[in-house]
2 protein chains.
Amino acid sequence: MRISTRGEYGVRAMLDLALHGRKEPVPLGVIAARQDISESYLEQLISVLRRAGLVVSFRGAQGGYQLAKSAKEITIGEILRALEGPIAPRKCVDEKESSLCTQSERCATRVLWQKLQASIEDVLESTTLAWLTNEAEKIAAAVGEQR
Amino acid sequence: MRISTRGEYGVRAMLDLALHGRKEPVPLGVIAARQDISESYLEQLISVLRRAGLVVSFRGAQGGYQLAKSAKEITIGEILRALEGPIAPRKCVDEKESSLCTQSERCATRVLWQKLQASIEDVLESTTLAWLTNEAEKIAAAVGEQR
DNA sequence: AGCAATCCCGAGTAAATTCCTCGGAATTGG
DNA sequence: CCAATTCCGAGGAATTTACTCGGGATTGCT
């Protein structure tokens, strides 16, 4: 029940863009450095995000990346689905893979996985990048106060 | 966001015991055959479940396995935790691994993972093996009717 | 007592997946 | 034109997953 670094890095990169890419595009190297992620690895991930329509890129000098839509229109679910594939705890509850159950007992566990999937999707689809941005700003403000 | 075959097999084995092991212990070979799982692999998994106190074993001829407590006292969460380790979408929200966040942005994603974890745990801890057994029986009954 | 059924244990291994690197081509602002 | 930057695909190291195997320890049954 783990999400991989692909998902983690992707979410962090998107958060970085939400926080720092409002005016000008942010080059990959800057995101990678700020988030402490290998640049060449992140490159792969962000290109997936681009093909999924979540970020837009600007090539050439002064280029970089920006969010493709406003942070409140991007859900965490979209990001994770793009990078990690369908949010299904087991293949058998993934739409594309639905091979029928041969046995009632196996079918029952399928109902279990569907229940779990529904709950995960509920959180992931209802949580937006804007919410995450807001959390980050709250934390940053609290840290500032403390000093 | 997948659970592995360890978890799937473990849950199916427990369900098998709940359904077929009420009177006499069920030998490993029978579970493995009925659930279509490699016997030597399942052996490893069930020994983990035994050490976790979820099943009891009887050695020697006529031996086998039974649930260690009633199905309604066993949660799916317990089974999965035994076999797959802590239910934490990322290491950083696992109690034992709590290395502090160095950066507010990373901290914010942590809040996200905690939110997700809470929702997963909620489902897994509130769903018992008895519920699953009941699902299996409902499905079996429906199939019977159909004929 | 002896045998067959069964659990118990640990080492080893093949395959899959994850994480990451690298080299070079294409684009574009200054 | 050049430096900054994205774009792309091949490949490889490390880790995890899924599974096999051999042999020892128990125990009910006859």
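Labels below follow one simple rule: chain letters A, B, ... track the order of the sequence lines, proteins then strands, and each chain is numbered from 1.
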Kindly point out which of [options] is positioned nearest to the side chain of [X]?
| X | options | result |
| --- | --- | --- |
| B/Arg51 | D/dA3, D/dT6, C/dC9 | C/dC9 |
| A/Ser38 | C/dT28, C/dC8, C/dT21 | C/dT21 |
| B/Tyr65 | C/dC7, C/dA4, D/dC7 | C/dC7 |
| B/Ala61 | C/dG29, D/dC29, C/dA5 | C/dA5 |

Check the distance between [N]'s [atom2] and [X]'s [atom1] and give it to me in whole angstrom.
| X | N | atom1 | atom2 | result |
| --- | --- | --- | --- | --- |
| B/Tyr41 | D/dT17 | OH | P | 9 Å |
| A/Arg6 | C/dT17 | CZ | P | 13 Å |
| A/Gln44 | C/dT17 | CD | P | 17 Å |
| B/Arg50 | C/dC8 | CZ | P | 4 Å |
| A/Ile31 | D/dT5 | CD1 | P | 12 Å |
| B/Glu43 | D/dG23 | CD | C1' | 12 Å |
| A/Leu28 | C/dA26 | CG | C1' | 16 Å |
| B/Ile46 | C/dC8 | CD1 | P | 9 Å |

Tell me what [X] touches on the nucleic acid: a base, only sugar-phosphate, or nothing, going by heavy atoms under 4.0 Å.
| X | answer |
| --- | --- |
| B/Ser57 | sugar-phosphate |
| A/Ser47 | nothing |
| A/Gly64 | sugar-phosphate |

For B/Trp113, does the six-membered ring have the charged nitrogen or CZ of B/Lys91 within the cation-pi criterion, i.e. under 6.0 angstrom from the centroid and within 45° of the normal?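 Not satisfied by the 6.0 Å and 45° rule.
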
For the residue pair A/Lys115 and B/Trp131, would you count it as a cation-pi contact if the rule is NZ or CZ under 6.0 angstrom from the ring centre and within 45 degrees of the ring axis?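 Yes.
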
How about B/Thr128 and B/Glu73: does a side-chain donor come under 3.5 Å of a side-chain acceptor?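 B/Glu73 and B/Thr128 do not have a side-chain donor-acceptor pair below 3.5 Å.
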
Under 4.0 Å between a side-chain N or O of B/Ser40 and OP1 or OP2 of D/dT20?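 True: B/Ser40 side-chain N/O within range (under 4.0 Å) of D/dT20 OP1/OP2.
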
Is the phosphate of D/dT16, meaning OP1 or OP2, less than 4.0 Å from a side-chain N or O of B/Ser4?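 Result: no.
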
Do B/Arg59 and D/dT26 share a donor-acceptor pair, side chain to base, under 3.5 Å?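 By the distance-only test, no, there is no pair.
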
I want to confirm an ordering. Mapping A/Thr5 and A/Gly60 to their closest nucleotides on DNA chain C, which one lands closer to the 5' end?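 So the residue in question is A/Thr5.
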
Check B/Glu135 with B/Lys138, please: is the shortest side-chain N to carboxylate O separation under 4.0 Å?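 Counted as a salt bridge, because a side-chain N and a carboxylate O are separated by less than 4.0 Å.
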
Could A/Glu125 and A/Arg81 be called an ion pair, given the rule that one side-chain N must be under 4.0 Å from one carboxylate O?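 Counted as a salt bridge, because a side-chain N and a carboxylate O are separated by less than 4.0 Å.
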
